[in-house]
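Heads up, the thing below is written out as structure tokens.
Keep in mind that the numbers below use all heavy atoms, side chains included, and drop hydrogens, waters and symmetry copies. So you know, we letter chains A, B, ... as the sequences are listed, proteins then strands, and number each from 1.
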Protein chains: 2
Amino acid sequence: MPFSKDSFKSAFSVDNVIFAFDQGKLQVLLIKRAEEPFKNQWALPGALVNIDENLRDAPMRTLKELTGLEDVFLEQVFTFGKVDRHPKGRVITVAYYSLINKNAFSLQASSFAQEVKWLAINDIDSLAFDHYEIMMVCLRRLQESVRRRPIGFELLPETFTLSDVQDLYEAILHKELDKRNFRKKILSLKILDDINEYQQNVAHRPAKLYKFNIDKYEQFKDRGFNFEI
Amino acid sequence: MPFSKDSFKSAFSVDNVIFAFDQGKLQVLLIKRAEEPFKNQWALPGALVNIDENLRDAPMRTLKELTGLEDVFLEQVFTFGKVDRHPKGRVITVAYYSLINKNAFSLQASSFAQEVKWLAINDIDSLAFDHYEIMMVCLRRLQESVRRRPIGFELLPETFTLSDVQDLYEAILHKELDKRNFRKKILSLKILDDINEYQQNVAHRPAKLYKFNIDKYEQFKDRGFNFEI
DNA sequence: CCAAAAGTGTTATTGATACACCCATGG
DNA sequence: CCATGGGTGTATCAATAACACTTTTGG
């Protein structure tokens, strides 16, 4: 049972910025609100926290309802608690972000939203509530994280080219990177395994395919690195 | 009015890890609990969030009650929300940490605690609830922050020596640092102003005194730096 | 004159940056 | 044979790391 749902004076919620990478762009999953306030406006997916549910399970539940996915990268970012952030009462919300591979699932019909869509983050300029601010705070956190820990690979398919990785980093950091230096650096981390296969049917020299090395990831998770790019 | 105080089933709180630097050690302010649960055990200062109070104001209120201080460095760290983290009901808590100069005030009597004390963080090995974990998460965040932004000077008196700064960094990072390299690096940031004064009445060569340059701080606050030490 | 902490420079190594051409494939 | 993106190396510069002795004061 969510906090104080019936006599709504105060509530406790989570919002989840779900990132994916598609068509060279960083995309965010949005829902169109079916109810007031902000009816018919785009918003971040979220949920009230059930009283018998661990906090982290709330955004996981949202994610599962929307995408069917479990075991997804999920990181808590910040808790937003201004008194007036929700027009109908006091709602404190914990923001999370997730990284998913868009191709691994299809969007599911969901009860709480009329409509669901992906939108490139650079094409979003307003959202319901303070969700735009929440999204941008999550983006900044993703940008910091991607420079310090080997995350981001959750956004790619199982095998990918070095150019895919570079395109992803450029999309996240919103910045062009030098090809040779990028390759040197990412390979020096030894988190990518060359699988000795190549792209097929491309109208140019086929690129080598790589796989993400999960063991090295585990080593770096705590230790971190400094991807100065 | 705090969330659901009377019929306590769920509540929303903040806990504040208040750091100070004294006798070469990083200290944390603790309160002895006057009530069950965990009666007579040491805990982090905290408060329930009032329904008409911005989230960030709650730890500031705690701080003011305990120390009389306002305008203190305060950073949100993480929100802890396991179902069973509080034995008496569902309490989600937002952890903050503060940095204060221990000499600038005296501890005040407080209603919610029998007793208040400073304890060196290395001498703390358990606390009420999950407060030990909360404290350690805040410490890690402080350690990260101090390497990337010019924070920490809130812990020092208005004038200080370079050795004071080094001792502080060593206490925070729990690691010995090379004197010459440390000085080179910290001076290269230009956030310290040499005030052309010296220590008095010390039984050794007196050290130069420095002041923290708040303008340079503002520049670095967003830009950050990389204090690889 | 002793004890204590302050203060100071150089070298070696590592990492970051800037930069341009040839290669393999499909059409 | 053209267009497309894949792939590669070097030189310069900046930052980091390791390291030991002299100076100034009070007692």
Quick one: [X] [atom1] to [N] [atom2], roughly how many Å, whole number?
| X | N | atom1 | atom2 | answer |
| --- | --- | --- | --- | --- |
| B:Leu177 | D:dC19 | CG | P | 15 Å |
| A:Gln166 | D:dG6 | CD | P | 9 Å |
| A:Asp164 | D:dG7 | CG | C1' | 15 Å |
| A:Arg183 | C:dT17 | CZ | C1' | 17 Å |
| B:Tyr198 | D:dT25 | OH | P | 9 Å |
| A:Leu162 | D:dT8 | CG | C1' | 12 Å |
| A:Ile186 | D:dT8 | CD1 | P | 15 Å |
| B:Phe182 | D:dC19 | CZ | C1' | 18 Å |

I'd like to know if [X] and [Y] make a salt bridge, using a cut-off of under 4.0 Å between side-chain N and carboxylate O.
| X | Y | answer |
| --- | --- | --- |
| A:Asp193 | A:Lys211 | no |
| B:Lys208 | B:Asp194 | yes |
| B:Glu75 | B:Arg149 | yes |

Of the listed nucleotides ([options]), which one gets closest to any side-chain atom of [X]?
| X | options | value |
| --- | --- | --- |
| A:Lys185 | C:dA16, D:dC19, D:dG6 | C:dA16 |
| B:Asp178 | C:dC19, D:dC19, D:dG7 | D:dC19 |
| B:Arg205 | C:dC23, C:dG7, D:dT8 | C:dG7 |
| B:Asn181 | D:dG7, D:dA18, C:dA6 | D:dA18 |

Exercise for the section: Assess whether one donor atom and one acceptor atom, taken from the side chain of B:Lys184 and the base of C:dT10, lie less than 3.5 Å apart. Expected result: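 Between C:dT10 and B:Lys184, which were checked side chain against base, a qualifying N/O pair under 3.5 Å is present.
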
Handout entry: Side-chain-base donor-acceptor pair under 3.5 Å for B:Lys179 and C:dG7
Key =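 When only heavy-atom distances are counted, B:Lys179 does reach the base of C:dG7 through a donor-acceptor pair under 3.5 Å.
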
Handout entry: Exam field: side chain B:Gln143 to backbone B:Ile172, donor-acceptor pair closer than 3.5 Å
Key =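 Indeed, once roles are kept as given, a pair shorter than 3.5 Å links the two residues.
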
Completion exercise
Note: for B:Arg180 and B:Ser163 on DNA chain C, the residue whose nearest nucleotide lies more 5' is B:Ser163

Handout entry: Heavy-atom side-chain contact between B:Leu162 and B:Leu192 under 4.5 Å
Key =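 Touching, per the 4.5 Å side-chain cut-off.
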
